[in-house]
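Below: one structure, written as structure tokens.
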Amino acid sequence: MQLYKNQTLKVSNSLSGKKEVFKPINEGHVGMYVCGPTVYSNVHLGNCRTFMSFDMIFRYLKHLDFKVRYVRNITDAGHLVDDADDGEDKIAKKARLEKIEPMEVVQRYTVDFHNILQKFNFLSPSIEPTATGHIIEQIEIIKDILNKGFAYEINGSVYFDVKKFNEKHEYGKLSGRKLEDMISNTRELTAQDEKRNPQDFALWKKAEPQHIMRWPSPWGDGFPGWHLECTAMSTKYLGETFDIHGGGMDLKFPHHECEIAQAEASNGHGPVNYWLHANMLTMNGKKMAKSTGNNILPNEIFSGENSILSKPYAPSVVRFFMMQAHYTSILDLSDEALLASEKGYQRLMDSLGIVDSLQTSKESSIDIAAWKKKCYEAMNDDFNTPILIANLFEAVKNINLIKEGNETISAKDLTDLKDTMNSFVFDVLGLERTSDAGLDSDKLSGVVSLLIQMREEARANKDFATSDSIRDRLAALGIQLKDGKEGTTFSIS
Ligand code: AMP
Ligand code: ZN
């Protein structure tokens, strides 16, 4: 029997602001859409957190035996520099600065995105459609919205008429805003503005002669507005109404609000039953973002080549660090937090390593069924991974007690314990064993630190031949030593 039949999953729906029992439209099937990256730069760790939250959700839904169609798009056109309707296309700008084709930018950063996600052990989505691959679908939706009177054309651009929409619908219901407040808080339109209202947003923008990313349309050469691609691709692959739409909190407004408006204007009803929003990764207490420079790239963490962390951390350790926070909570990245996660991760892996060699008894002195139930209850409560991890550590404690002969376990319970641990650690949390992760970072750091110490001793004895040899031989292995005021640190290339 499918697992979901015995479990009651609850999710935090941003639309209602409540935790609701999750009931898919078609029993046993889930349609999930998550806004993907705009591929004009390397993904930073903040971006990865949001995608990882939904990777975990995808994994748990699959674990419950739902058949999931997971669509995560690639934004390769239409996302302008100001995140609204002005400025250059982010990808075109990068192409201009680097003197390469926009599609070279797209290719480079899509490959980077996939490489990083693979290192983090992400599952591939079922479909990964691109905005440029769905221009025709986007034009069809614009025609439909125009026909229904919720948009207007002016000088080759088409704008969504928010005021008109709000007469019969509720613009702002997802982000908890009122159109009247938005109007009173914005500046007057200036003479050169084409929009009827500042709140209106572009469905199609006329391409100025210098704009290279352009397509023909009934309104002349142009390009689609950023919000439209997600409406076009989610409708095409998941239908007019689907189960889950996800993304980072920062996309709630205007992006997701506009998606709702477009879909309601076109179809007459809302597109999504459950809106899920993942919270932000911060660094030094501030949101990690490309634009402010307050960010770190995953590869800089894996190699240790950064000025923030004391040592390299393996992808699974970073993943474990992310999973220790609830996906709707803010999480701050720091060296102390990563060091603690590394220790915890190692303890979990060590425990999984000894579980096979445990002696079984006739009776169990611990209640494995009750423990297993608590693991499911944690995940059923809006994917509460920190509580799940606390339960996994309860098992770690019990495994040690059994090993020491202070508790007992029956053969049947041991199989159940092992299967449950493996399912949650590897299938649901998506962790990998240190050896699979390619870097037993704790032990490696220990060995390099030992060599650094030996080099210092050699230097103190004026044995420069030995100290140089240690440095050069480590460099040949791809481990660079850096001498600084605080002592010697290392990075791995
Ligand atoms: P973008 O490529 O800018 O469209 O962003 C891709 C995804 O990363 C979106 O879902 C954003 O909400 C998310 N994101 C951006 N910054 C952060 C952050 N600091 N923490 C978590 N998610 C983020
Ligand atoms: Zn989107």
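First listed ligand is number 1; within each ligand, the first listed atom is number 1. Side-chain atoms are counted along with the backbone in the values below, which use heavy atoms only and exclude waters and symmetry mates.
The closest side-chain heavy-atom distance from Tyr4 to Leu9 is not below 4.5 Å.
Judged by the 6.0 Å distance and 45° axis criteria, Arg196 is positioned over the aromatic ring of Tyr152. Figure legend: Lys62 and Phe66 shown without cation-pi pairing, the cationic atom not lying both under 6.0 angstrom from the six-membered ring centre and within 45 degrees of its axis. Stacking of Lys164 on the aromatic ring of Phe150 is recorded, both the 6.0 Å distance cut-off and the 45° axial limit being met.
Contact atoms of ligand 1 toward Pro37: 2 (O) (distance under 4.0 Å to a heavy atom of the residue).
Scanning the protein heavy atoms around atom 9 (C) of ligand 1, the nearest turns out to be Leu251 CD1, 3.8 Å. Regarding atom 11 (C) of ligand 1, its nearest protein heavy-atom neighbour is Asp250 OD1, 3.4 Å. For atom 19 (N) of ligand 1, the closest non-hydrogen atom of the protein is Met288 O, 2.7 Å. Ranking protein heavy atoms by distance to atom 5 (O) of ligand 1, first place goes to Asn47 ND2, 3.5 Å. For atom 22 (N) of ligand 1, the closest heavy atom belonging to the protein is Thr50 OG1, 2.7 Å.
Look at Asp181 and Arg177 and you find no salt bridge, because none of the NZ, NE, NH1 or NH2 atoms lies under 4.0 Å from a carboxylate O.
Both the backbone and the side chain of Leu281 come within 4.0 Å of ligand 1, judged by heavy-atom distances. The proximity of Lys290 to ligand 1, defined as any non-hydrogen pair under 4.0 Å, does not occur for either the backbone or the side chain.
In this structure, SG of Cys35 and SG of Cys230 enclose an angle of 130° at the Zn ion (ligand 2), rounded to 10°.
Scanning both residues, Thr132 and Trp215, for their nearest heavy atoms gives CG2-CZ2, 3.6 Å.
On a distance-only criterion, Thr38 and ligand 1 share at least one N/O pair closer than 3.5 Å.
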